[in-house]
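Take a look at the structure set out below.
This is a predicted model, so every value here is computed, not measured. All chains are named by letter (A, B, ...) in the order of the sequence lines, taking the proteins before the strands, and each is independently numbered beginning at 1.
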Number of protein chains: 2
Amino acid sequence: MYTESIEDYLKAIYEIQKEYGKVSTNSLSEKLNVAPASVTSMIKKLSEKKLVTHKRYQGVKLTKAGQKISLEIIRHHRLIELYLAEALGVPWDQVHEEAEKWEHVLSEDLEDRMDAVLGHPTRDPHGSPIPSRDGTITELDSIPLADLRSGQSAVVAEVSDHDPDLLRYVGKMGLYPKTKFKVLSIEPFNGPIKIQVEGSEHILGSGAAQYVFVTEVELPQSEMT
Amino acid sequence: MYTESIEDYLKAIYEIQKEYGKVSTNSLSEKLNVAPASVTSMIKKLSEKKLVTHKRYQGVKLTKAGQKISLEIIRHHRLIELYLAEALGVPWDQVHEEAEKWEHVLSEDLEDRMDAVLGHPTRDPHGSPIPSRDGTITELDSIPLADLRSGQSAVVAEVSDHDPDLLRYVGKMGLYPKTKFKVLSIEPFNGPIKIQVEGSEHILGSGAAQYVFVTEVELPQSEMT
DNA sequence: AATAGAATTTAGACCCACCTAAAAATAATA
DNA sequence: TATTATTTTTAGGTGGGTCTAAATTCTATT
C-alpha cells in the first residue's frame with residue numbers, strides 16, 4: 001500500500017495530465033497546495049518507485065503502474081461521491097470533500113459492495129466517469145458550455161467539482177448531468193449566457209460556463225443544412 | 001482537530017480504563033502495537049494538550065476534554081459499524097476493521113446522516129452502546145457468559161470485537177446480541193460450556209465465553225426461592 | 001547571443017510518530 | 001532488607017512529508 005500523500009499526488013498528476021497534457025512541478029504545487037520544493041522531493045520518490053517518469057525540469061508522466069493506482073483512487077473517489085449522494089442524500093457540492101478523505105481508507109470489499117448497491121454505475125454525481133475495477137476509463141468527449149452559440153441546445157455531461165460554490169451556483173439553475181438545455185443568447189467577450197433549463201430561464205456567468213461541459217450539441221434550426 | 005494517532009490513543013485509553021480501571025504505559029503499548037517508549041512520548045504530548053493527566057510511573061487518566069474526544073471517536077466507530085452491517089451487509093466480524101480507518105475521517109454531517117438513517121440507534125452490531133452526540137454513554141451492566149452456571153438462561157448483551165475469529169466462532173452458533181440462550185452444562189476448570197440457542201445445542205470454549213457478555217440472567221427452576 | 005524572469009531543484013531544517021538501547025524508578029521476592 | 005525482575009522513562013535516531021532560502025536551469029525577449 002501507498003501513503004495517502006502518494007495517492008494524492010498520483011491522482012493530481014492524472015487529473016492535470018488529462019486537463020493540460022503536461023504536468024509541471026508548479027501545477028502540482030498549486031493543485032496540492034504544497035511548496036514547489038516539496039513537489040520536487042515527492043517526484044523523486046514517485047520516480048524511484050516507478051510510478052512516474054521524470055526528466056529534470058521537464059515535468060512528470062504516469063507509468064502504467066502509476067496510472068493504475070491513480071485510477072483506483074479515482075474510482076474510490078467517484079463511487080463514494082455517488083454513494084453519498086444516493087444513499088445518504090449528501091448534496092452534490094459536499095460529496096467531494098467527504099470523498100477526499102474516505103477514498104484513502106476504503107477497502108476493496110466495501111468498494112465492491114457500494115458498486116453493487118449502486119448497480120455498477122458509470123458516472124458520479126458531477127457526471128465524471130467512474131473507472132472500472134481493472135483500471136479502464138472512458139473520458140467524456142464534451143466541450144465547455146461557454147463554447148456554445150446562441151440557439152444551440154445541448155445536454156450537460158459533466159460539471160467540475162473543484163469548487164463547491166460553483167456546484168451550488170449551477171445547481172440552482174438545474175444544470176445537473178443529463179439535463180437538456182438551450183442557449184437563448186450569449187454575449188461576446190465572455191459575456192453572460194442566457195439559457196433555458198426545463199422551461200425556466202437563467203443567466204450564467206462565463207466563468208461558470210467554463211466548467212460546465214456539454215455534449216449532444218444541436219445546431220439551431222436556422223443553421224441546419 | 002487532532003491527529004489520527006492522538007485519536008487512537010484516546011480511544012485506547014478509554015477502553016483500557018473501562019476494562020481494567022488503570023491505564024499503564026505497557027497496556028497501551030500492547031493495545032496499540034507500539035513500543036513502550038513511544039507511548040511515553042505520546043503521553044507527554046497528550047498531557048501537554050490537557051487530554052490526560054499523568055503522574056510519572058503511575059499511568060494516565062482521561063481529562064473531561066480527553067474523554068469527550070474519545071467518546072466522539074467511539075461514536076463514529078460504532079455508528080459506522082452498524083451502518084456497514086445494516087446498509088451494506090458487511091458481516092459483523094469485518095465491520096471493526098473498516099471502522100478503524102473510517103472513524104478518523106468521518107464528518108459531523110455524515111455522522112448525523114447515518115445516525116438518522118439508522119433511526120438513532122443505541123447499540124452497534126456487537127451490542128456495545130453508541131455514545132450520544134454530546135458524549136454521554138451508558139455502559140452495559142453485564143457479566144461474562146463464562147460466569148454462568150448450569151441451568152441458567154440469559155440474553156447476549158455484548159460480544160467483544162477484538163478478534164474477528166471470535167466473532168465468526170460465536171456467530172456460527174447464533175450468539176448475537178439480544179439472543180436468549182440457556183446453559184445446559186458447564187464443566188469446571190474452565191471446561192467447555194454446552195448451550196442451547198434457538199433450539200439447537202452448541203459447545204462453547206471457555207476462552208470465547210470470557211468475551212461474550214450477558215444480561216437478564218435467570219436462575220434455573222430448581223434454585224428459585 | 002546576452003540577459004532578465006520564471007520554473008525547478010538543492011540544501012538545510014522542522015514536526016510527527018515511531019524505533020532501539022540504556023538508564024531510572026517501582027514492584028516483587030528471596 | 002537486599003536483590004532481582006518488571007515497568008517506565010530518557011537519550012538518541014529514522015523516515016515521511018512538509019517548509020524557506022538559495023542555487024540552478026530553462027525560456028523568452030531584447
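Nearest to the side chain of B:Ala35, among C:dT20, D:dT7, C:dT8, sits C:dT20. The side chain of B:Lys45 lies closest to C:dC16 when the candidates are D:dT8, C:dC16, D:dT25. Among D:dT27, C:dT9, C:dA27, the nucleotide with an atom closest to any side-chain atom of B:Gln58 is C:dA27. Candidate nucleotides D:dC19, D:dT7, C:dT9 were compared by shortest atom distance to the side chain of A:Thr25, and C:dT9 ranks first. Among D:dC19, C:dC19, C:dT8, the nucleotide with an atom closest to any side-chain atom of B:Val34 is C:dC19.
Ring orientation note: the planes of B:Tyr83 and B:Trp102 are nearly perpendicular, at an angle over 60° on the 30°/60° scale.
Contact annotation: A:Arg56 does not reach the phosphate of D:dT24 (side-chain N/O to OP1 or OP2, under 4.0 Å). Neither OP1 nor OP2 of C:dC18 sits under 4.0 Å from any side-chain N or O of B:Ser38. When the side-chain nitrogen and oxygen atoms of A:Asn26 are compared with OP1 and OP2 of C:dA6, none of them lie within a distance under 4.0 Å. Applying the 4.0 Å criterion to OP1 and OP2 of C:dT9, one finds that A:His54 has a side-chain N or O inside that range.
Side-chain N/O atoms of B:His104 and B:Asp8 include a donor and acceptor closer than 3.5 Å.
For B:Tyr2 and C:dC16, the OH to C1' distance is 16 Å, given to the nearest whole Å. Atom CG in A:Asn33 sits roughly 17 Å away from atom P in D:dG17 (whole-Å rounding). Atom NZ in A:Lys55 sits about 14 Å away from atom P in C:dT8, given to the nearest Å. A straight line from NZ of A:Lys44 to C1' of C:dT10 spans 10 Å, rounded to a whole angstrom. Between the CD1 atom of A:Ile6 and the C1' atom of D:dG16 there is a distance of 9 Å, rounded to whole Å. Spacing between atom CG of B:Leu10 and atom C1' of C:dA17 amounts to 15 Å, rounded to whole angstrom units. Rounded to an integer number of Å, the gap from A:Ile43 CD1 to D:dG17 P is 14 Å. One can place CD of A:Glu48 at 12 Å from P of D:dG17, the figure rounded to the nearest angstrom.
Side chain B:Tyr57 to base D:dT9: no donor-acceptor pair is found below 3.5 Å.
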Could you go through A:Glu187 and A:Lys194, starting from their C-alpha distance and side-chain angles, then the distance that decides it, and tell me whether this counts as salt bridge (Lys or Arg N to Asp or Glu O under 4.0 Å)? CA-CA 9 Å; A:Glu187 299 295 323; A:Lys194 197 187 286 179; over 6 Å; no

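Remark: the backbone N or O of B:Gln67 is paired with a side-chain donor or acceptor of B:Ser70 at under 3.5 angstrom.
If you find the closest nucleotide of DNA chain D to B:Val39 and to A:Pro36, the one lying nearer the 5' end belongs to B:Val39. Along DNA chain C, the nucleotide closest to B:Met42 and the one closest to B:Ala37 are compared, and the more 5′ of them pairs with B:Met42.
Contacts of B:Ser5 with the nucleic acid, taken as non-hydrogen atoms under 4.0 Å apart, involve only primed sugar atoms and P, OP1 or OP2. Within 4.0 Å (heavy atoms only), A:Thr3 reaches sugar-phosphate atoms of the nucleic acid but no base atom. Note on A:Tyr9: only backbone sugar-phosphate atoms sit closer than 4.0 angstrom, heavy atoms only; bases stay farther off.
Contact of the B:Gln152 side chain with the B:Val214 side chain is not registered, since no non-hydrogen atoms from C-beta on lie closer than 4.5 Å.
Aromatic pair B:His96/B:His126: centroids not less than 6.0 angstrom apart.
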